[in-house]
Amino acid sequence: MALQLTTVLNSEQADAAATIEGPVLIIAGAGSGKTRMITYRIAYMLEQGIPQSEILALTFTNKAAAEMTERIRMITGKPMAKLTTSTFHAFGLAILKRHGSYLGYAKGFSVYDTSDKIGMLKASLVELQIDPKSVDLYSLAELISAVKTGRKKFSTDNMEYKPLYAEYNSHLKLYNAVDFDDLIMQPLVLFRDFPELLEYYRNRYRYILVDEFQDTSLQQYQLVYILASIHRNLCVVGDDDQSIYSWRGADFRNITNFEKDFPESKEIKLEQNYRSTGTIIQAANTLIKNNVKRKKKLLWTGDDKRGIIALSYPEDETQEADFIADKIKEVMIKNSLRYDNFGILLRTNNLLTAIEQALLSSNIPYTVSGGQSFFQRKEIKDIIAYLRVIANFDDEVSLLRIINTPKRGIGKSTLQFYRNIAEQKKCSLFSAISAASHAEDTGIRESIKRNSSELIDLIHLYKEQLFSKKNKTSLVKAMLTDISYKNHLIAEHPDNEQLAQWKIKNVDVFVSIIERWERNPDKKGDSLYDFLNSISLAGKTEPDQEAGKVNLMTVHASKGLEFHTVFLAGVEDHIIPHKRSLEEDPENIEEERRLFYVAITRARNNLYMTSCRTRKYMREVIDTVPSRFLIELPPELVEQPGEDTVADTESAVNYFELMRQKLIAGIS
DNA sequence: TGGGATGGGGTTTTT
DNA sequence: CCCCATCCCA
């Protein structure tokens, strides 16, 4: 097959795809066929004789990485076993798995997520005799992360937390665990301290591509930079207007850094939009022009079809949800669409409940991506904690989680007793419990001692079994039976049978995930370690994503997707732009605007926005004001509520005008 | 000493 | 509304 780029791509796309040597910066506007360009670019590289193994493509989500591989496979018709497409974090994890021993990590180290981190911080605070209630653990976790990723330094106003930071990191080492930031940071350390490894990776990946470049952090850029600085075959693709992850360290100054570090780079702009109607594009362009800090670019489309941008003002979140459900049915029939042509986007997760309820009662099938990750659910984390301890006895966070779940009568004081032993013997908590529970005359009640040693024995037993050739799915099932986990769930919710059953179902789903993993021939390795790694970075997507369902998600999760008709709910000041975001830093208004931009550019044809007049928040009902961004849309493109939608038409039409005045008065 | 009952508070976005 | 922490009882 000879690949003719110009027949499948427009001239800018083809230029971008064909420029495979040297540094390239590709600014790709929303809906400009970026993914198409990237996949053809890699297919073209392969066709030019570049081996799969020399290409490294870094993406933002696991899903994007998987999709990229799949698309290239489709184009080329060849298996892509040697091609590396990965997220930054997964890439870092792979490196640490291979060479972690250089840095003192033992095999099977645990990867801690944010909630594990917060748990550890709490413990560290107690240890340093600081009252955990006196600080906001959430922002503390953020500080720790910012320091680790080099975004912040300890200064006079947070110096008090420096010892805590040290404590936290030494605990991680002790527990043979890493946090998410380590997955980027430790590989950098590794490359700094072991030049031969850096050399190896530089030669291994001679062509590097970074997707969603605007969302990379300074450290992630550093990682790419040191790998690519010699061969300089680095292609970065991004859109500064869609940078929406600054709170996680994304820094679109990386675009400037790139231009500085690679002065010989070529810049290509993809500005033709293939996704949306002219109406949507015009509105999006007008909106984003209000951002001062951005690269100049103007989306255009050959499409002059008129789409719909409509705005309505439901009374509260229930009416909003009902409106959306009704509208979906209406638009679906009128345009003979399917449910999966619809996306409902939300700024925050807590807006989900009302919408889900309405969809449920209207019998509209839907999937949620976002909300709490499947793997973050308590019942799932519990089981993962068992597996983690089995894989890594030093993982104290996980051990503490399971030690009294299900109840074994091991409470505060027993635990303190074990802690003291660990302290004395300078050993891990696990070894301490192990020793104490088998020892005579410990001062602990016999029953508790028995329970403790039963747990230790169980861990040992399953360690042996799970690392043998035996079927892991049935072993996990057996373990769940051994600890009567399902009974525990029922006992936990004595007055809510339904909730218990739902959790039990989740546990079953988890078991089926193990089974699916075990059967998957493409998996990277087949040990328990590999399984744990495979889920440690799993994103928020539900395991069962099916077609024929309305897609419900946060705006953040919607990046890269498109729908015939998009609903954007909660278009209210305080929600988008989000109040907290602005309180943190008024300059965040630009990022909030980009979020709004991302949301509206998801729509191919129609965009329905709702702004409630009142909204229930926690316990109280608050009066709301329409989002200030609505003022920035060209008024002639936005349909206000029509005759048949609201009883009191005039007030509805005037409402926005009124609110607008209120807003303008409020802002200035 | 651990477990159940009671009261207070809360996540904006996610690898 | 639900989860977590604390308090008091068995």
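Scope of the values below: all heavy atoms of this structure, side chains included, with no hydrogens, waters or symmetry mates.
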Whole angstroms only, please: what is the [atom1]-[atom2] distance between [X] and [N]?
X      : N      : atom1 : atom2 : answer
A:F375 : B:dT14 : CZ    : P     : 16 Å
A:Q376 : B:dT15 : CD    : C1'   : 11 Å
A:N404 : B:dG2  : CG    : C1'   : 8 Å
A:D179 : B:dT14 : CG    : P     : 19 Å
A:K616 : C:dC1  : NZ    : P     : 7 Å
A:E142 : B:dT14 : CD    : P     : 13 Å
A:L400 : C:dC4  : CG    : P     : 16 Å
A:L351 : B:dT13 : CG    : C1'   : 12 Å

*Any stacking of A:W247 on B:dT13, going by centres under 5.5 angstrom and planes within less than 30 degrees?*
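Yes, A:W247 stacks on the base of B:dT13.
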Nearest listed nucleotide, side chain of [X], among [options]:
X      : options               : result
A:T554 : B:dG3, B:dG2, B:dT13  : B:dT13
A:Y138 : B:dG3, B:dG2, B:dT13  : B:dT13
A:T414 : B:dT14, B:dT1, B:dT11 : B:dT1
A:K407 : B:dT15, B:dT14, B:dG3 : B:dG3

*Can you find a donor-acceptor pair, distance only, under 3.5 Å between A:R248 side chain and B:dT13 base?*
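By the distance-only test, no, there is no pair.
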*asked:* Looking at A:H89 and B:dT15, is any side-chain donor or acceptor paired with a base atom of the opposite kind under 3.5 Å?
replied: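 For A:H89, whose side chain was compared with the base of B:dT15, there is a donor-acceptor pair (under 3.5 Å).
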Show the distances under 3.5 angstrom between N or O atoms of the protein and N or O atoms of nucleotides 8-10 of chain B.
| residue | atom | partner | partner atom | Å |
| --- | --- | --- | --- | --- |
| B:dG9 | O6 | A:R619 | NH2 | 2.4 |

*With nearest nucleotides of DNA chain B determined for A:I410 and A:A90 from heavy-atom distances, which residue corresponds to the more 5′ nucleotide?*
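Mapping each residue to its closest nucleotide by heavy atoms, the 5'-most match is A:I410.
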*asked:* Pick the closest DNA chain B nucleotide for A:H556 and for A:G411 by heavy atoms, then say which residue is nearer the 5' end.
replied: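 Result: A:G411.
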*With sequence neighbours excluded, what pairs up with A:K117 under the salt bridge (Lys or Arg N to Asp or Glu O under 4.0 Å) test?*
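Once residues adjacent in sequence are excluded, the partners of A:K117 under the salt bridge (Lys or Arg N to Asp or Glu O under 4.0 Å) criterion are A:D181.
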*asked:* Under the rule for salt bridge (Lys or Arg N to Asp or Glu O under 4.0 Å), what residues qualify as partners of A:E317, not counting sequence neighbours?
replied: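 For A:E317 there are no salt bridge (Lys or Arg N to Asp or Glu O under 4.0 Å) partners, ignoring immediate neighbours.
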[N] phosphate, OP1 or OP2, under 4.0 Å from [X] side-chain N/O:
X      : N      : result
A:N349 : B:dT13 : yes
A:T353 : C:dC1  : no
A:K378 : C:dC4  : yes

*asked:* Within the 4.0 Å heavy-atom criterion, would you say A:E584 contacts the bases, only the backbone, or no part of the nucleic acid?
replied: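 Base: the residue A:E584, judged by heavy atoms under 4.0 Å, touches a nucleobase.
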*Please say whether more than 12 non-hydrogen atoms of neighbouring residues, nucleotides or ligands are located less than 6.0 Å from NZ in A:K616.*
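Incorrect, the count does not exceed 12.
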_Is it the case that atom NZ in A:K579 sees more than 12 heavy atoms from other parts of the structure closer than 6.0 Å?_
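No, because the 6.0 Å sphere around NZ of A:K579 holds 12 heavy atoms or fewer from other groups.
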*How about A:N257 and A:N254: does a side-chain donor come under 3.5 Å of a side-chain acceptor?*
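Yes, side-chain donor-acceptor contact under 3.5 Å.
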Parallel, tilted or perpendicular, as decided by the 30° and 60° cut-offs, for the rings of [Y] and [X]:
X      : Y      : value
A:F596 : A:F629 : tilted
A:Y245 : A:F60  : tilted
A:Y205 : A:Y201 : parallel

